**Q** 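The structure that follows is given in the form of structure tokens.
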Number of protein chains: 2
Amino acid sequence: MPPALGDREARREDVSRAVWHVLADKGFGGLTLRAVAAAMGVSTGMLMHYFPTKRALVAHALDLLEKRTAERPRRERPSEGLAALRAMLLDVLPLTSDDTARNRIWVSSWDLALADDALGADQADRYVRMRSGIRPHLEAARDLGELPVTADPEQLAATAVAFVHGLVVQALFDPGRFPGDVQIAMLDGFLASISSPRSR
Amino acid sequence: MPPALGDREARREDVSRAVWHVLADKGFGGLTLRAVAAAMGVSTGMLMHYFPTKRALVAHALDLLEKRTAERPRRERPSEGLAALRAMLLDVLPLTSDDTARNRIWVSSWDLALADDALGADQADRYVRMRSGIRPHLEAARDLGELPVTADPEQLAATAVAFVHGLVVQALFDPGRFPGDVQIAMLDGFLASISSPRSR
DNA sequence: AGGTACGTAACGAGCGTTCGGTATGTAAGG
DNA sequence: CCTTACATACCGAACGCTCGTTACGTACCT
């Protein structure tokens, strides 16, 4: 029996955290094994001991980033309808430095993902999961009368994801013009626009 | 007098077109001077004859891409209100292979732009210009009664840009799920949601 | 003793950039 | 009109560097 098998996965997570740090700082163009090793004070040989290739290291870092993001402590989460959707989308926006770093990593990863079929499929899957997490709240909102009965939850989920990620990109490039309160006002404006007249 | 000074700028545009081609195909991670030179059948020395550094070459290619995009022939352009906005946003969406390649380049460039202050400022300026081009149509729409009188054109412009770019990203990663008619339906749904009840 | 967990050093490839050379012009001088 | 002079436009090779990856050595644990 291999000794301390849990430690191995813990070390891989340490490495992934260093990858996140480098990515948020320098982007994928500045992501080198030497930079990752330096960020955690180890050698590149150590990295290769836990990952066979750089590509595997990157893929694991992105997978783990999604997982840890899903598990992270979140703001209070109303359980129903548009209020629940609002809380979900608020958790995506770059309102804290942590969320900003996370979003920088995702936006940066799109360059690689567009050029690498496997990583591109991973990204497409992440969007599928994101829309799937949103759609139930839209269905509930429709049942609660917060949305018109004619609303299409699947299409609206894609629209909400589009809006929030498009806002993320603009906010990352111009944080001075998109402080937290502006982002929140835009989100509330968006939610008000899709909601049914009688619920406004 | 330097001979044929106009030819020099024409050559720089030839180079930029090769840069676009490589970027759309391989992304920034695959953008090398050798790849650009090979794409146009010349040597890397020729590239350095027209651009001092790779960075300058990239910056010029992106600047020219924005300029040529603005000048390109467009679909018929209604001159007023939401119909004009619809035409503008339709021109952004990846509905043709040209538009897809263009959008791939922009999305890919965000990795570099987030890590390079000067390129990031360029990108922020492009967003400012994009919102500025949209806002007048929103003001006209409001004056025409297509939008509520309480609508904030500046915020709505940022919201529209967010929606359309967020949709671009999802469509690039999952073209099968976002064919042209779905993208157009989503855009029309978005425009309907922001328009005033009486104009619907 | 033998496997695990590293560090150190090096390899070959590929990178941006530099350099020297060679055509091809245009311009000036007699 | 020919010659000399010089800038322009490129090519091909090379430089110095950094990259991902490999090989090897060593300390530690069991």
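Only a predicted model underlies this, so the values are computations on that prediction, with no experimental measurement involved.
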**Q** What integer distance in Å separates B/Glu9:CD from D/dA9:C1'?
**A**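 Result: 16 Å.
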
**Q** Using a heavy-atom cut-off of 4.0 Å across all strands, would you classify B/Leu31 as base, sugar-phosphate, or nothing?
**A**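 If one applies the 4.0 Å heavy-atom cut-off, B/Leu31 turns out to touch the sugar-phosphate alone, with no base involved.
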
**Q** From CZ of A/Arg11 over to C1' of C/dC6, roughly how many Å is that when rounded to an integer?
**A**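 Taking atom C1' of C/dC6 as the reference, CZ of A/Arg11 is at 9 Å.
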
**Q** So, OP1 or OP2 of D/dG20: does either fall under 4.0 Å of a side-chain N or O from A/Arg55?
**A**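 Checking A/Arg55 against D/dG20: no side-chain N or O falls below 4.0 Å of OP1 or OP2.
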
**Q** If you only use heavy atoms from C-beta on, which nucleotide in C/dT17, D/dG20, D/dC11 is closest to the side chain of A/Lys54?
**A**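 For A/Lys54, the side-chain atoms sit closest to D/dG20.
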
**Q** Does the side chain of B/Ser43 get closer than 4.0 angstrom to OP1 or OP2 of D/dG12 through an N or O atom?
**A**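 Checking D/dG12 against B/Ser43, no side-chain N or O comes under 4.0 Å of OP1 or OP2.
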
**Q** Would you kindly give the CG-to-C1' distance between A/Asp7 and D/dC29, to the nearest whole Å?
**A**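 Interatomic distance, CG of A/Asp7 to C1' of D/dC29: 13 Å.
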
**Q** A side-chain contact here means heavy atoms from C-beta on lying under 4.5 Å apart; do B/Arg86 and B/Leu90 qualify?
**A**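 They are in side-chain contact.
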
**Q** Decide yes or no for A/Met130 and A/Val92: does some side-chain heavy atom of the first lie under 4.5 Å from some side-chain heavy atom of the second?
**A**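 The answer is yes, as the side chains (C-beta and beyond) meet within the 4.5 Å cut-off.
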
**Q** Anything under 30° is parallel, anything over 60° is perpendicular, the rest tilted; go ahead and classify B/Trp110 against B/Tyr127.
**A**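 Judged by the thresholds at 30° and 60°, the geometry between B/Trp110 and B/Tyr127 is tilted.
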
**Q** If you define the side chain from C-beta out and look only at heavy atoms, does anything of A/Leu114 sit under 4.5 Å from B/Phe173?
**A**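 Touching, per the 4.5 Å side-chain cut-off.
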
**Q** Does CG in B/Asp181 sit with more than 12 non-hydrogen atoms of other residues, nucleotides or ligands closer than 6.0 Å?
**A**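 Result for CG/B/Asp181: enclosed.
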
**Q** Starting from P on C/dC15, measure out to CG on B/Leu47 and report it in whole angstrom.
**A**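 Taking atom P of C/dC15 as the reference, CG of B/Leu47 is at 13 Å.
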
**Q** Given C/dA5, is OP1 or OP2 found less than 4.0 Å from the side-chain N or O atoms of A/His49?
**A**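 Answer yes for this pair, as a side-chain N or O of A/His49 is under 4.0 Å from OP1 or OP2.
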
**Q** From C-beta outward on B/Thr44, which listed nucleotide comes closest to its side chain: C/dA5, D/dT21, D/dA13?
**A**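 Among the listed nucleotides, the one closest to the side chain of B/Thr44 is D/dA13.
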
**Q** Closer than 4.0 Å, any side-chain N/O of A/Tyr50 to the OP1 or OP2 of C/dC6?
**A**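 True: A/Tyr50 side-chain N/O within range (under 4.0 Å) of C/dC6 OP1/OP2.
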
**Q** If I take atom NZ in residue A/Lys26 and atom C1' in nucleotide D/dC19, what distance separates them, rounded to the nearest angstrom?
**A**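 For the pair A/Lys26 NZ and D/dC19 C1', the rounded distance is 16 Å.
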
**Q** Got a donor-acceptor pair under 3.5 Å from the side chain of B/Arg34 to the base of C/dG16?
**A**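 Under the 3.5 Å cut-off, the side chain and the base do form a donor-acceptor pair.
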
**Q** Give the rounded distance in Å between these two atoms: CE of B/Met48 and P of C/dC19.
**A**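 In whole Å, C/dC19 P lies 12 Å from B/Met48 CE.
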
**Q** Measure CG/B/Leu33 against P/C/dC15 and give the value in whole Å, please.
**A**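 One finds 9 Å between P of C/dC15 and CG of B/Leu33, rounded.
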
**Q** If you only use heavy atoms from C-beta on, which nucleotide in C/dT17, C/dA5, C/dG7 is closest to the side chain of A/Arg8?
**A**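 Selected nucleotide (nearest to the side chain): C/dA5.
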
**Q** Please tell me which of B/Thr32 and A/Met46 maps to the more 5' nucleotide of DNA chain C, matching each residue to the nucleotide holding its nearest heavy atom.
**A**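 It is A/Met46, whose closest nucleotide lies nearer the 5' terminus.
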
